[in-house]
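So the structure is just underneath, and the comments pick up after that.
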Amino acid sequence: MENYASNLLLSGKRIDNRKLDEFREIEIKQGIIDKAEGSAMVKLGKTKILAGVKIGLGTPFPDTPNEGMLIVNAEFTPLASPDFESGPPGEDATELARVVDRGIRESKCIDLKKLCKTPREMVLCVFVDIHIINHDGNLIDCAFLASLAALMDTKIPKIKDDRIVRGKFEKDLPVLYKPIEVTVCKVDDKFVLDPMFKEEAVIESKLTVCVRDDEKICALQKQGSKELTMDDIKKMIEIAIDKSKELRKLFER
Amino acid sequence: MENYASNLLLSGKRIDNRKLDEFREIEIKQGIIDKAEGSAMVKLGKTKILAGVKIGLGTPFPDTPNEGMLIVNAEFTPLASPDFESGPPGEDATELARVVDRGIRESKCIDLKKLCKTPREMVLCVFVDIHIINHDGNLIDCAFLASLAALMDTKIPKIKDDRIVRGKFEKDLPVLYKPIEVTVCKVDDKFVLDPMFKEEAVIESKLTVCVRDDEKICALQKQGSKELTMDDIKKMIEIAIDKSKELRKLFER
Amino acid sequence: MENYASNLLLSGKRIDNRKLDEFREIEIKQGIIDKAEGSAMVKLGKTKILAGVKIGLGTPFPDTPNEGMLIVNAEFTPLASPDFESGPPGEDATELARVVDRGIRESKCIDLKKLCKTPREMVLCVFVDIHIINHDGNLIDCAFLASLAALMDTKIPKIKDDRIVRGKFEKDLPVLYKPIEVTVCKVDDKFVLDPMFKEEAVIESKLTVCVRDDEKICALQKQGSKELTMDDIKKMIEIAIDKSKELRKLFER
Amino acid sequence: MVKTNEKLIVKGKRLDGRAIEDLRPVKMDVDVIERADGSAQVAFGNTETIVSVYGPRKLYPRFLQKSDTGILRCRYNMAPFSVEDRKRPGPGRRSIEISKVTRLALEPATFLTDFPKTVVDVFIEVLRGDGSTRVAGVNAASIALATAGVPMRDLVVACSVGKIDGKLVVDLNGLEDNNSEADIAFAIMPSKEKVTLLQMDGRLTKEELFESLDLAKKTCKKIYEMQKSALKESFKD
Amino acid sequence: MVKTNEKLIVKGKRLDGRAIEDLRPVKMDVDVIERADGSAQVAFGNTETIVSVYGPRKLYPRFLQKSDTGILRCRYNMAPFSVEDRKRPGPGRRSIEISKVTRLALEPATFLTDFPKTVVDVFIEVLRGDGSTRVAGVNAASIALATAGVPMRDLVVACSVGKIDGKLVVDLNGLEDNNSEADIAFAIMPSKEKVTLLQMDGRLTKEELFESLDLAKKTCKKIYEMQKSALKESFKD
Amino acid sequence: MVKTNEKLIVKGKRLDGRAIEDLRPVKMDVDVIERADGSAQVAFGNTETIVSVYGPRKLYPRFLQKSDTGILRCRYNMAPFSVEDRKRPGPGRRSIEISKVTRLALEPATFLTDFPKTVVDVFIEVLRGDGSTRVAGVNAASIALATAGVPMRDLVVACSVGKIDGKLVVDLNGLEDNNSEADIAFAIMPSKEKVTLLQMDGRLTKEELFESLDLAKKTCKKIYEMQKSALKESFKD
């Protein structure tokens with residue numbers, strides 16, 4: 001737990017001289033996986049996450065017979081960190097996938113009703129697979145950016161005789177909103193954004209906030225083993241709303 | 001293995017002053033799980049077992065194309081005993097589920113032929129899920145009572161457009177018999193019924209006997225790592241037949 | 001790793017006086033499992049392998065809509081060796097199954113197109129299950145012989161109302177070729193065939209070669225943790241081609 | 001999961017007759033599982049959970065032990081018959097996540113430094129599921145830990161709040177949950193007002209969200225009193 | 001599994017020609033798996049099992065060891081091709097239960113107190129399944145244990161009895177088993193007539209059941225002689 | 001998997017414009033994963049793999065350790081989005097086999113005797129799959145091991161060769177692979193021409209096979225130069 005970056009953070013400074021509420025440099029590359037219907041690699045400083053979107057066909061859930069399906073999966077590939085292990089997703093990978101899923105689903109940024117082919121029988125399935133390539137902290141925010149960027153890059157393939165024709169496309173996946181997830185961290189009495197891996201050692205509680213273009217809050221997830229006051233939470237939500245506006249600009253071209 | 005209750009039992013006495021062939025007090029509560037089509041909690045002294053019955057739709061087995069399906073499953077939830085562990089059912093949970101299943105199936109207490117909707121295509125599936133809540137011995141007998149009570153509480157739901165309409169019912173599940181499973185235990189040269197957890201430490205062999213209303217024997221399962229003589233077995237069966245009559249009265253109202 | 005048989009082999013001799021390129025005695029018994037559509041037990045010295053073929057019905061793979069399916073599975077049953085463990089197939093069992101699969105598939109010895117009943121909908125599935133009974137070395141060659149013998153013994157069952165009628169047969173499974181897999185081992189600068197278990201301790205690299213009746217090579221698999229020269233490989237292939245002719249005679253009746 | 005197009009609030013009353021800030025009938029019992037070191041059963045209307053606590057007990061395998069403190073583990077599980085369509089046994093992704101947030105909700109309230117190398121296990125079974133199961137589980141776990149004698153700074157009290165038909169309501173039942181515009185799972189240590197669980201789904205403005213949080217806090221105070229009386233009952237015996 | 005509506009006993013003979021108390025042709029061989037410490041292959045008609053025994057050998061991981069005795073483990077497994085529709089590899093619930101009752105059937109006959117901290121593994125593979133597989137497995141395991149030199153009080157001898165067409169018969173084949181009114185798996189240590197396996201399915205009166213047990217005991221005596229001669233054969237070599 | 005009935009070689013050119021002995025555009029980068037001890041990313045056209053190496057590090061659990069040497073482990077995995085129909089996460093039989101042959105391809109080049117009781121882990125992810133993924137993985141793993149400072153006798157260089165439309169070609173793409181008459185995965189340590197990986201599928205005469213091997217060897221020499229310059233680039237920094 002002892003390291004220079006985290007000791008610095010305790011005294012309110014950052015090893016790379018960033019401000020406490022400043023993100024590292026963000027690089028988004030879309031369309032990099034030719035076999036995927038959509039893809040993006042996002043670098044957040046040295047954290048690198050690849051998201052790929054595959055479109056498949058499936059039977060809808062009985063209670064939503066005319067909606068497409070969204071499935072978000074995350075792999076903490078052992079590639080990305082000496083602490084990750086091979087095997088089925090653990091607690092943290094499961095939580096990350098579900099928090100990203102919730103932000104996409106609850107913001108209604110994809111109109112799942114548009115993805116129904118035959119009610120009760122055949123709908124499109126949108127698989128978002130999140131692959132952590134290098135873990136240098138703040139995985140959820142980076143994974144959400146990568147997932148959104150991949151969805152915005154996604155084309156819906158042609159369907160013929162109830163089968164997908166790979167490589168031929170009908171139209172873009174309609175993405176109605178650009179929700180952003182921002183994780184606000186608390187260290188002592190300070191709020192910090194986008195911690196690096198070494199900084200995360202001293203973070204005791206976090207709140208991930210998903211904010212939509214219209215400033216609606218679409219998801220919250222408290223993390224970490226320490227409590228928050230009501231005031232903390234309100235401040236953290238304000239910080240997240242502000243930062244989401246800045247991050248959303250990355251997608252305005 | 002050393003404890004007062006079991007030492008007493010070795011000398012032919014019981015810590016709660018019961019006779020060797022006496023059951024603890026039995027309490028049966030039916031209809032306690034509103035989401036289940038049938039349910040019952042049975043307390044046998046401090047042993048508590050909850051059985052829930054869910055009705056589903058399925059394709060019949062190819063060799064019984066016009067019979068419904070019975071699936072009995074038991075979970076030794078880690079809740080119930082410091083010795084139970086999370087994870088898939090082990091050897092003992094599997095055996096318990098199969099011995100209960102056999103008693104229900106072989107006694108033909110449910111007429112599976114009545115549960116066929118479309119031969120070869122669609123039949124009703126009766127799922128009996130047994131949840132151990134507190135383990136104070138004699139799990140099989142208690143689980144069987146709970147399963148029978150839950151089946152007797154079960155209503156068959158309405159089916160519309162090949163789907164189950166939850167909360168609307170057609171009729172009661174027809175239960176033709178009231179089989180009872182009685183496990184007779186042998187300690188030295190004595191036969192003992194309904195042991196408590198601490199008493200079980202000194203029991204070396206057991207025989208579970210399923211007896212139907214017409215006194216037909218429908219299932220046997222020898223347990224424990226010690227052998228039985230032919231005479232033992234015959235006596236144990238006689239004891240079980242007698243006791244089954246007494247226990248069956250619990251269901252006569 | 002130290003044992004007499006392997007030390008002898010290092011000096012170019014064999015404990016049973018065989019020549020380096022000589023196989024142990026081979027015994028092939030077909031038709032020994034009455035419930036299987038085809039079966040064979042092959043003894044290669046003391047190595048014993050049982051292969052059973054079951055025929056089932058299934059939906060074809062989307063990219064081969066009018067071809068039957070071949071599924072080869074191997075179990076290193078804990079029966080066969082103190083080193084084998086219960087559980088799902090490990091690395092070695094998986095490799096063996098896949099190398100046998102490849103030899104059968106790539107040699108096109110079974111005409112999978114003949115196993116289509118309704119294109120896109122229903123095809124025959126040929127399951128080859130390989131059971132190691134006693135492991136005394138050279139498992140792949142022995143498993144391949146057993147699989148081929150079992151396939152040559154296989155009858156295609158009658159199908160009525162889209163279901164298999166067990167015990168009634170239509171015709172023999174058409175086996176077009178008799179491919180043979182020969183594993184050539186290298187010990188120091190010597191090439192050795194059909195090692196016994198104890199001899200395998202000193203073998204550092206191997207090459208399995210699948211040779212068809214027309215001398216076409218249909219599969220190769222280098223094994224072992226040591227490298228081979230280009231010359232080694234060429235010699236090993238020559239040896240395998242020669243030996244395959246001799247082994248194929250086992251199937252000429 | 002049932003979707004409806006009907007109104008969920010009619011003339012200020014929810015379909016089950018509750019006012020918007022009413023809880024369903026609450027039942028809390030402790031010491032319901034004799035073999036456990038602590039246990040509790042908590043029902044909010046048709047949602048019912050039962051919890052047992054084992055420990056502190058030595059943790060095996062040894063490499064999981066912490067030399068300076070005991071650790072807390074939680075398992076949230078839904079019984080197969082607790083929901084409309086039978087749930088296959090075994091943990092799914094939802095259960096894995098809820099197990100984690102439940103542990104984090106309870107951890108700040110426990111202190112296990114006097115029990116190095118041990119574990120406290122909290123097993124939560126949902127027997128009947130009709131919305132707000134995870135907060136029912138936290139409430140039950142909290143009092144089960146207390147009856148087990150695990151040292152605690154405070155109880156942890158949890159509730160759900162949500163938005164239906166444009167109104168903020170507390171303690172959503174299953175139908176309300178499935179048709180809500182937003183729902184929040186919230187837990188707090190009431191004495192010093194420290195929040196230990198906060199999850200939200202849906203769409204709320206900042207103002208609505210803040211209002212929801214205050215409503216959740218207020219609701220937890222009511223539940224806190226119920227927890228305390230359930231515990232008092234048990235200590236009488 | 002084949003169901004039939006035809007008679008299974010015609011003029012006192014079963015469909016395969018046997019009288020009601022006849023066994024199918026029995027084959028017993030020992031030492032059939034060279035790598036094993038003990039092994040045997042036993043067939044009753046078209047039911048065939050092969051068994052190997054490994055041990056006593058040190059048990060790992062260490063926490064499973066018992067300091068005062070060796071332990072016995074059994075694994076019953078059906079080969080995928082042993083039954084009509086291919087069986088998927090891997091243990092199902094049936095195999096788990098049979099593995100357990102098989103271990104309990106053998107345990108009373110072995111004594112492993114001279115081998116603390118060890119394990120004896122018994123692996124049973126059903127190669128051909130045509131009814132009464134578990135008792136074939138017990139018979140094979142029993143003589144395999146003997147050839148492995150595991151100390152034994154007695155052999156364990158097993159057979160099936162059942163009721164078809166209203167008559168009690170021994171050694172049910174698959175067709176008889178699937179259409180029986182009752183079937184029993186039974187094992188005994190013959191010298192002192194101690195029963196170690198007893199499972200029953202079906203519907204029998206007490207009188208029929210007692211008669212069945214006596215029939216099973218009588219049948220086991222025949223099989224006992226076969227086991228002993230199979231072992232004698234092997235010791236000749 | 002796409003099957004085609006069209007010609008794959010037209011007027012001496014393959015459908016993607018390559019001559020029969022042309023590689024696809026090759027990209028090799030090292031040190032692409034900061035947290036790893038060594039890493040590399042290698043693309044052959046639309047096939048792309050990324051590899052990280054961790055170690056030598058102490059191996060746990062302890063009973064897997066070797067007292068006289070470190071050991072090498074490999075995991076080959078395809079990302080779900082790397083292929084046309086989404087691949088379900090988790091290792092299938094194909095991945096298990098490729099992981100094994102990859103380890104055996106790399107082992108002869110590494111020497112870990114100076115690092116007893118340790119493990120070197122090689123994790124290979126296929127990000128984009130368009131044929132010849134396993135050899136791309138070996139090439140990436142080889143330079144990733146070198147950047148990690150793992151002692152090596154030589155680099156391991158790999159390529160695929162195959163037969164399409166009756167001609168031997170190198171570096172098959174996905175379409176060619178699916179429609180080939182034969183394909184070979186080959187790896188060599190170039191300095192002393194030692195082959196460490198050889199797998200072949202299809203149907204070739206002995207003469208064609210020998211010719212293929214020579215072609216593979218020749219092709220590997222080209223790739224060897226690319227590996228060395230990728231490493232040189234990295235040591236500049």
Side-chain angles (χ1 to χ4, degrees), chain C residues 32-41 43 45-48 50-58 71-89 93 97 125-137 150 153-154 157 163-167 196-198, chain E residues 1-2 31-41 43 45-55 57-58 60 73-91 95-96 99 119 121-131 133 140-141 144 148 173-175:
Chain C
I32 55 171
I33 306 289
D34 44 299
K35 287 285 162 68
E37 276 75 39
S39 60
M41 167 77 95
K43 295 188 194 170
K46 291 185 171 165
T47 290
K48 284 183 212 167
L50 181 54
V53 177
K54 289 294 306 172
I55 304 285
L57 289 172
I71 299 100
V72 179
N73 180 59
E75 296 269 320
F76 283 15
T77 60
L79 206 69
S81 162
D83 306 319
F84 292 169
E85 285 176 10
S86 300
C125 303
V126 179
F127 292 95
V128 180
D129 278 288
I130 298 167
H131 248 54
I132 315 292
I133 302 293
N134 192 59
H135 174 13
D136 193 20
D153 177 55
T154 299
R163 289 185 54 195
I164 286 180
V165 185
R166 297 285 170 204
M196 289 181 295
F197 178 78
K198 289 198 167 176
Chain E
M1 189 156 107
V2 182
D31 295 332
V32 292
I33 297 178
E34 286 79 2
R35 293 293 304 279
D37 295 317
S39 62
Q41 190 156 4
N46 286 329
T47 285
E48 184 165 20
T49 63
I50 187 165
V51 173
S52 65
V53 171
Y54 289 93
R57 54 184 177 178
K58 259 289 191 325
Y60 293 101
R73 290 192 300 205
C74 288
R75 178 207 194 234
Y76 166 97
N77 185 55
M78 297 200 83
F81 43 72
S82 66
V83 282
E84 303 225 307
D85 290 314
R86 176 177 187 262
K87 192 201 151 289
R88 288 174 67 99
S95 297
I96 290 170
S99 296
V119 64
D121 277 305
V122 176
F123 300 113
I124 299 170
E125 287 287 318
V126 177
L127 302 180
R128 297 190 290 146
D130 186 25
T133 60
N173 64 29
L175 184 71

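Numbers restart at 1 for each chain; the letters A, B, ... are given by sequence-line order, proteins then strands. The basis for the numbers below is simple: all heavy atoms, side chains too, and nothing from hydrogens, waters or symmetry mates.
- Contacts of K46(C) with chain E are made by both backbone and side-chain atoms, with heavy-atom separations under 4.5 Å.
- In this structure, a donor-acceptor pair under 3.5 Å is absent between the side chains of R35(E) and N134(C).
- At a 4.5 Å heavy-atom cutoff, the contact between V51(E) and chain C is made by backbone atoms alone.
- In this structure the side chain of L175(E) never reaches within 4.5 angstrom of the side chain of D130(E), judged on heavy atoms.
- Side-chain contact between P89(E) and N73(C): present, with at least one pair of heavy atoms (C-beta onward) separated by less than 4.5 Å.
- For the pair T154(C) (side chain) and A150(C) (backbone), a donor-acceptor distance under 3.5 Å is present.
- By number of non-hydrogen pairs under 4.5 angstrom with chain E, the leading residue of G56(C), A80(C), S39(C), A51(C) is A80(C).
- For I32(C), the part sitting under 4.5 Å from any heavy atom of chain E is the backbone (N, CA, C, O) and nothing else.
- At least one cation-pi condition fails for R86(E) and F81(E): the charged atom is not both under 6.0 angstrom from the six-membered ring centre and inside a 45 degree cone around its axis.
- When heavy atoms are compared at a cutoff of 4.5 Å, K54(C) approaches chain E solely by way of its side chain, counted from C-beta outward.
- Put simply, the residue from T47(E), T49(E), N46(E), T133(E) that forms a side chain to side chain donor-acceptor pair (under 3.5 Å) with R128(E) is N46(E).
- At a 4.5 Å heavy-atom cutoff, the contact between P82(C) and chain E is made by backbone and side-chain atoms alike.
- Between chain C and the options N77(E), D37(E), V32(E), D121(E), heavy-atom pairs under 4.5 Å are most frequent for V32(E).
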